[in-house]
Amino acid sequence: MSEHYVKVKIHVEQIKPFGEDAEKQGVDAEQEQEEEQVAVSSFPPASVSPDPPSITIAGRDVSNTFKHKGTSRIKMGKDDKNICGKHNLDVSLHGGRNVNKLGHERTLHIKGTGQILQGKNNENNGVSMHPSKHIQVARREDGFKLARKRRPVTVDTSKAKTSLEALKLSIRQLKWKEFPLGRRAPCDIYWHGVSFHDSEHIVSGQVNKFPGMIEMLRKINLSRAVRTMQELFPEEYDFYPRSWILPEECQQFSTQIRMVKENDASVNPTFIVKPDGGSQGDGIYLIRDPSDLKLMVGSQAKQAVVQEYIQRPLLIDKLKFDIRLYVLLKSLEPLEIYIAKEGLTRFCTEPYQEPSQKNLSHVFMHLTNYSLNVHSGNFVHSNSQSTGSKRSLSSVLYRLAAKGVDIKKVWSDIIALVIKTTIAVVPELRVYYQAEIPPGKPGPTCFQILGFDILLMKNLKPVLLEVNSNPSMRIEHEQEMAPGVFEYVPSPVDEEVKVGVIRDTLRLMDPGHKRTAISNLRAGGLDHGEEIPMEAEPQDRSPDEGALPSLCLKQVYPKYTKQFNYLRLVERIAALFIRFLGVKGNMRLGPTAFRTFIRTCKLSNSNFSMASVDILYIDITRRWSGTMADSREAGMGLQAFVEAFFYLAGRRFKSQPLREQVASLLELCEAQLETPPPGGEERRSVSCSRALPRSIRTQTLPHPHQLSSPGPLRRAASQDYRLHQRLKPRSLRANLEN
Ligand code: ADP
């Protein structure tokens, strides 16, 4: 059995609760905080032992969950408190680092495999090591020596903010070099706490944020991106609840709900309203009737998403819960996606009941946010990863497996959801990227860790709730030591999961360790028999990484290219869009560039004159600029261009399903662009832009069986564009039957 599955026993002298501050500017402060124990396994779900690791608090067993009633924070008994805030440990996991914001020293001692995570200095510090472990440790030391021979990778951590502690630990484990105050010479990696723009003027190396990611993952933009994919591939994208964008779709929402209710009086759906830029459950409420929408804040219309509410979630211990999964977007071009094998689950604190007029306002029953539930008297701070109000994903999957659930299927469905969602947001990200770092301009490359929030329905189908561009990477929790006196204390479960994710992200981004993604390409597709990574994957470890655990991040793309590449149609439209943008740094297409696109691709003819092209441009652009709250630039953005493209595809290839229409038009345009244009305006415009990436151009088309099913959202190819309605009604019924 892999060493990563060895159970560990953690002795902590003190276990403390938490309370994480929300990072401003879009940082998700879902505050995965608990004082739970940890397994040092590189985890993934349901690998082996269903026995949760145990924890002892100095001198006494605290493996039973303890409940904290009446206040949101744990009160500790005398024995648990150490006035100096100093913790005595068997093994120092952090090499004596000071993580306490109030200046208290603390160390965490782990018996068992804890030494894997430390440098040599700590290995004998009170560890009672099994003899067989000596061999492993010696091998790891060899690895460290090898690693030392290379120039250490340099990391600028000056902008890391709340991820700093986890980052420091990761850098220490890797024996890389940290620059906490920045550096005059360029670093290999820049770690930002919030956005790509945390530091300006980076011209080389790698940054852990993509330009535009925060904007792209706001609730409205994510809903739009997924909706576009739902129009093309309704069956594939049925994991995202039906959503309407407020205020612009308020009327459609009301009309459609009224129609659904008129058609079948027994249908009584519930909806959840979420403010666009919100996080931590702020401003969220449930409604059963469109007239209950709160549309205004003062004199301003509220930007929000109203979404069908999943009425029958899977319950554990009668409680609703959701999953936080960490995903690494390693590269946009070529597209590379990794999923962390361990995640967190966050539980409600009031037993679940299907929504009724009476319980709609019960947030502890309906919302799983830690930040809300921690204020419930029922919040359970457990020192076990398999009980309490926050648990590891693996422990939940163990439990489901024990009940006979096919967790391999659940896991592979989750992987599919992650890949499809990423494919939905990548086109717009590419537009942001080229605007920020146009081809030819020096700039860094980017990668980013994302936090996917996923709900399992009663029938075990995963549903995407949202994607966080800045998932909390805190590994400490705030604890109220005395009224009004707060201290930061370590959270082992957060540390275990998050340090693993950051460390392995860094390993994958190591500039001296470029493994081609293509080498990992497999012939097969995603199947339900293989997806829970139970063992360390040997190819995931380079020779100089002998001292480190195997990667906790699993590549899913391009690994499953064959299965998902056909979905990347909008990305090909984005490639066309970028090609005709022309001016470097621009994100919108002007009327001339749009005409150039039509001419170059030979899309106008006697039935569709250039005058009609201009009307199309003006009509779509005007409508979209009205819906975009932050539209500073004039012109046609990508989403508007996609709509125009769908319309053009519908005109030209009338009798086919939308996805076929779009694929056909793409082929036509791409074929035209292969041929050098005859000259003049087109030549200048095209030559100053990037060529279509080959990997996208050559992607496979949908399988015939996928093409044959008529999409219920199919856009009608109207001769008169003005008659066209972007939002097609579709039956709510199917999605509400969870
Ligand atoms: P926030 O960013 O404010 O946390 P989320 O979209 O994550 O917003 O929603 C908050 C919580 O509401 C989720 O954690 C989940 O428990 C619940 N929730 C959100 N959307 C739905 C939905 N469509 N159906 C059921 N529950 C939902």
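Start at 1 and go down the list; that is how both ligands and their atoms are numbered. Keep in mind that this is a model prediction, so the values were computed, not measured.
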In ligand 1, which numbered atoms sit nearer than 4.0 Å to a non-hydrogen atom of [X]?
X      : result
Asp322 : 14 (O)
Pro241 : 23 (N)
Ile310 : 22 (C), 24 (N), 25 (C)
Gly278 : 2 (O)

Flag [X] as yes when one of its N or O atoms lies below 3.5 Å from any N or O atom of ligand 1, and as no otherwise.
X      : answer
Asn468 : no
Tyr309 : no
Gly281 : yes

Next item on the list: State whether Asp413 and Lys408 are salt-bridged, where the test is any N-O pair (Lys NZ or Arg NE/NH1/NH2 against Asp/Glu carboxylate O) under 4.0 Å.
Entry: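 The answer is no: the pair does not qualify as a salt bridge.
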Checklist line | Asp238 bridged to Lys461 by N-O distance under 4.0 Å | finding: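 Between Lys461 and Asp238 there is a salt bridge, with a charged N closer than 4.0 Å to a carboxylate O.
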Heavy atom under 4.0 Å from ligand 1: found in [X]'s side chain, backbone, both, or neither?
X      : value
His366 : backbone
Thr368 : both
Gln280 : backbone
Leu367 : both

Item checked: Closest to atom 26 (N) of ligand 1 (judged by heavy-atom distance), picking from Arg324, Glu466, Lys320 ->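 Closest candidate by heavy-atom distance is Lys320.
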Check: Given Val467, Val305, Ile284, which one has a non-hydrogen atom that is nearest to atom 8 (O) of ligand 1?
Finding: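 The option holding the nearest heavy atom is Ile284.
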Note to self: Could you work out, with side chain to side chain contact (heavy atoms under 4.5 Å, CB included) as the rule, every residue matching Asn373, not counting sequence neighbours?
What the structure shows: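 Residues passing side chain to side chain contact (heavy atoms under 4.5 Å, CB included) with Asn373: Cys348, Thr349, Phe364, Phe379.
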Note to self: Hydrogens and angles aside, do Arg288 and Thr270 bring a side-chain donor and acceptor to less than 3.5 Å of each other?
What the structure shows: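 Present: a donor and an acceptor within the cut-off.
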Check: Is it the case that Asp264 and Ser266 place a side-chain donor and acceptor less than 3.5 Å from each other?
Finding: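 Short answer, yes.
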Note to self: Tell me whether the NZ or CZ atom of Lys294 lies within the 45° cone about the ring axis of Tyr285 and under 6.0 Å from its centre.
What the structure shows: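 Yes.
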Notebook entry, point to check: Just by distance, do the side chain of Asn221 and the backbone of Arg218 share a donor-acceptor pair under 3.5 Å?
Noted result: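 Between the backbone of Arg218 and the side chain of Asn221 there is no qualifying donor-acceptor contact (under 3.5 Å).
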Item checked: Donor-acceptor contact present, side-chain Asn208 to main-chain His192, <3.5 Å ->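 Pair found, side chain donor or acceptor close to backbone of His192.
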Next item on the list: For Asp504, check side chain to side chain donor-acceptor pair (under 3.5 Å) against everything at least two apart and list the hits.
Entry: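 In terms of side chain to side chain donor-acceptor pair (under 3.5 Å), with neighbours along the sequence ignored, Asp504 is linked to Arg507.
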Notebook entry, point to check: Looking only at heavy atoms of Lys219, does any of them come nearer than 4.0 Å to an atom of ligand 1?
Noted result: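 Under 4.0 Å: yes for Lys219.
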